[in-house]
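All figures in this text were calculated on a predicted structure; none of them were measured in a lab.
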Amino acid sequence: TEMYNSFGMQNKVRQGKQLSEAYKIDGVPALGIHGRYYTSPSLAGGDNTPEPEGQAAEITVTLIAGPERIRTEQTINSFLRRCTDFHRIGRFVVLQAGLSAPDRAVLSALYPFLEFAAGDPNPANWLGQIRRLVSGRYWLHLKEGWRFFAPEPLVGRLIGVLESEPAVMVVGVNFEDATKLTGRCAAESRVRRSRDGSRYVLADWLIEGPAMFDTERADRMSSAWREGDPVPSATLDEVLCVPQTSRCPDCRATKETPMT
């Protein structure tokens, strides 16, 4: 409480509110950079017209927020900047895993669209806990501490793979579930294409990095899955994000100003 009421913390919260008014936000989520550049659904190729009832709620994005608030900000900022169809997202849920109350207050001021939930004391239970918080069919889990560096209609690409492959329950964002820039892409003989032309490859392992789940299929398959069984999965055919500890074109320190 003392930290939250401190001058520095209150100034950050007040600054977030003032910037929201200065940018004349016309929808959420949106992003302002350096007080000069601004992006929103309408500028990213979408619009602010609500999705048909029930459709937006079908897509939920989740992430884990640890004790370092800046890492969470960097994940959210990079995702909003690089996911060109983020306007399709219905909910954005954050699991608190060591995030302090003052840091949560700052994030809430900067990103009013976030929903927060307290993490279970046992990290082994986090994934199941997050799954119970997801109500829609499509669940994009950003994990913790990842940064996105390539502009892509990521939501549409991942859903496109799931629509093209009825047996697949999860699609990884990175080719071969990579955790660093490998310089590799899928061999043409392995590549499949979704209806919108996006490239992907089939896999048979549990995806560890950021990924989108079809919750209906995942729930159905998990009841019969046994350790050692192949996992009906797929990945996109390129690397689009890396952990913040890795070197990548967009992983240097920035002065982004996150907005609602």
Could you tell me whether R192 and E165 make a salt bridge, using a distance below 4.0 angstrom between a side-chain N and a carboxylate O? yes

Quick one: pull up CZ in F79 and CZ in F86 and give me the separation to the nearest 0.5 Å. 9.0 Å

Tell me whether M169 shares a hydrophobic cluster with V201, the cluster being built from Ile, Leu, Val, Met, Phe, Trp, Tyr side chains joined at under 4.5 Å. no

What distance do L240 atom CG and C83 atom SG have between them, rounded to the nearest 0.5 Å? 10.5 Å

Looking at side-chain heavy atoms only, is the closest gap between L127 and H141 below 4.5 Å? yes

Do L140 and T60 make a side-chain contact, defined as non-hydrogen atoms from C-beta onward lying under 4.5 Å apart? no

Co-membership, hydrophobic cluster, residues F113 and V61, 4.5 Å side-chain: yes

Main-chain N/O of A118 paired with Q129 side-chain donor or acceptor, under 3.5 Å: yes

Side chain to side chain donor-acceptor pair (under 3.5 Å) pairs touching residues 207-218, sequence neighbours excluded, are R137-D214, D214-R217

Rounding to 0.5 Å, atoms CZ (R199) and CG (D196) come to a distance of 13.0 Å

Give, for atom CD of E115 and atom CG of L95, the distance between the pair rounded to the nearest 0.5 Å. 12.5 Å

On a heavy-atom basis, the closest approach of V239 and F149 is O-CZ, 3.5 Å

Partners passing ring pair (Phe, Tyr, Trp, His ring centres under 6.0 Å) against Y200 (at least two apart in sequence or in another chain): none

Less than 4.5 Å apart, side chain to side chain, heavy atoms only: is that true for L107 and E73? yes

Test your reading of the model: is there a side-chain donor-acceptor pair from D85 to the backbone of V155, 3.5 Å cut-off? yes

I'd like to check the side chain to side chain donor-acceptor pair (under 3.5 Å) partners of W139; sequence neighbours left out, ordered by chain and number. T62

When hydrophobic residues are tied together by side-chain contacts of less than 4.5 Å, even through go-betweens, does F175 share a cluster with M212? no

Between V171 and L158 the two heavy atoms that sit nearest each other are CG1-CD2, 3.6 Å

Mind checking what makes side chain to side chain contact (heavy atoms under 4.5 Å, CB included) contact with T75, not counting sequence neighbours? L63, L142, Q244

Decide, yes or no, whether a salt bridge links R190 with D237 under the criterion of side-chain N to carboxylate O below 4.0 Å. no

Under 3.5 Å, side chain of N174 to main-chain N/O of T179, donor-acceptor pair present? no

On a heavy-atom basis, which atom in W126 and which in G119 lie closest, and how many Å separate them? NE1-C, 4.1 Å

Short question: side chain of R195, backbone of V161 - any donor-acceptor pair under 3.5 Å? no

Taking side chain as C-beta onward, heavy atoms only, is E152 less than 4.5 Å from R82? no

Are W205 and F213 co-members of a hydrophobic cluster defined by side-chain heavy atoms under 4.5 Å apart? yes

Given the rule in the side-chain contact (heavy atoms from CB on, under 4.5 Å) test, do V168 and L202 qualify, once you have shown the distances and angles that lead to the verdict? CA-CA 8 Å; V168 167; L202 295 180; 4.0 Å; yes

Short question: side chain of S233, backbone of V231 - any donor-acceptor pair under 3.5 Å? yes

How would you list, by chain and number, every residue that makes a side chain to side chain donor-acceptor pair (under 3.5 Å) with R193, sequence neighbours excluded? E188

Please tell me if the side chains of L114 and I76 come closer than 4.5 Å, counting only heavy atoms from C-beta onward. yes

Locate the shortest heavy-atom distance separating W146 from G209; write the atom from each residue and the value. CZ2-CA, 4.0 Å

From T72 OG1 over to I64 CD1, what is the distance, rounded to the nearest 0.5 angstrom? 10.0 Å

Nearest-0.5 Å distance that lies between atom CD1 in I59 and atom NE2 in H87: 9.0 Å

Could you please spell out the steps behind the side-chain contact (heavy atoms from CB on, under 4.5 Å) verdict for N77 and Y111? CA-CA 10 Å; N77 288 352; Y111 314 100; 2.6 Å; yes

Partners of E163 by side chain to side chain donor-acceptor pair (under 3.5 Å), sequence neighbours excluded? none

Closest approach of V170 and A211, non-hydrogen atoms and distance? CG2-CB, 3.7 Å

Quick one: are L154 and F148 in side-chain contact, heavy atoms under 4.5 Å? yes

Would you say the side-chain atoms of R71 pair up with the backbone N or O of Q74, donor to acceptor, closer than 3.5 Å? no

Examine distances only and state if a side-chain atom of S198 and a backbone atom of S194 form a donor-acceptor pair shorter than 3.5 Å. no

Take L206 and D177 through the side-chain contact (heavy atoms from CB on, under 4.5 Å) test and state the conclusion after the steps. CA-CA 9 Å; L206 183 63; D177 207 21; over 6 Å; no

Do T235 and V173 have side-chain heavy atoms sitting under 4.5 Å apart? no

Indicate the atoms forming the closest heavy-atom contact of F116 with S108, along with that distance. CE1-OG, 3.2 Å

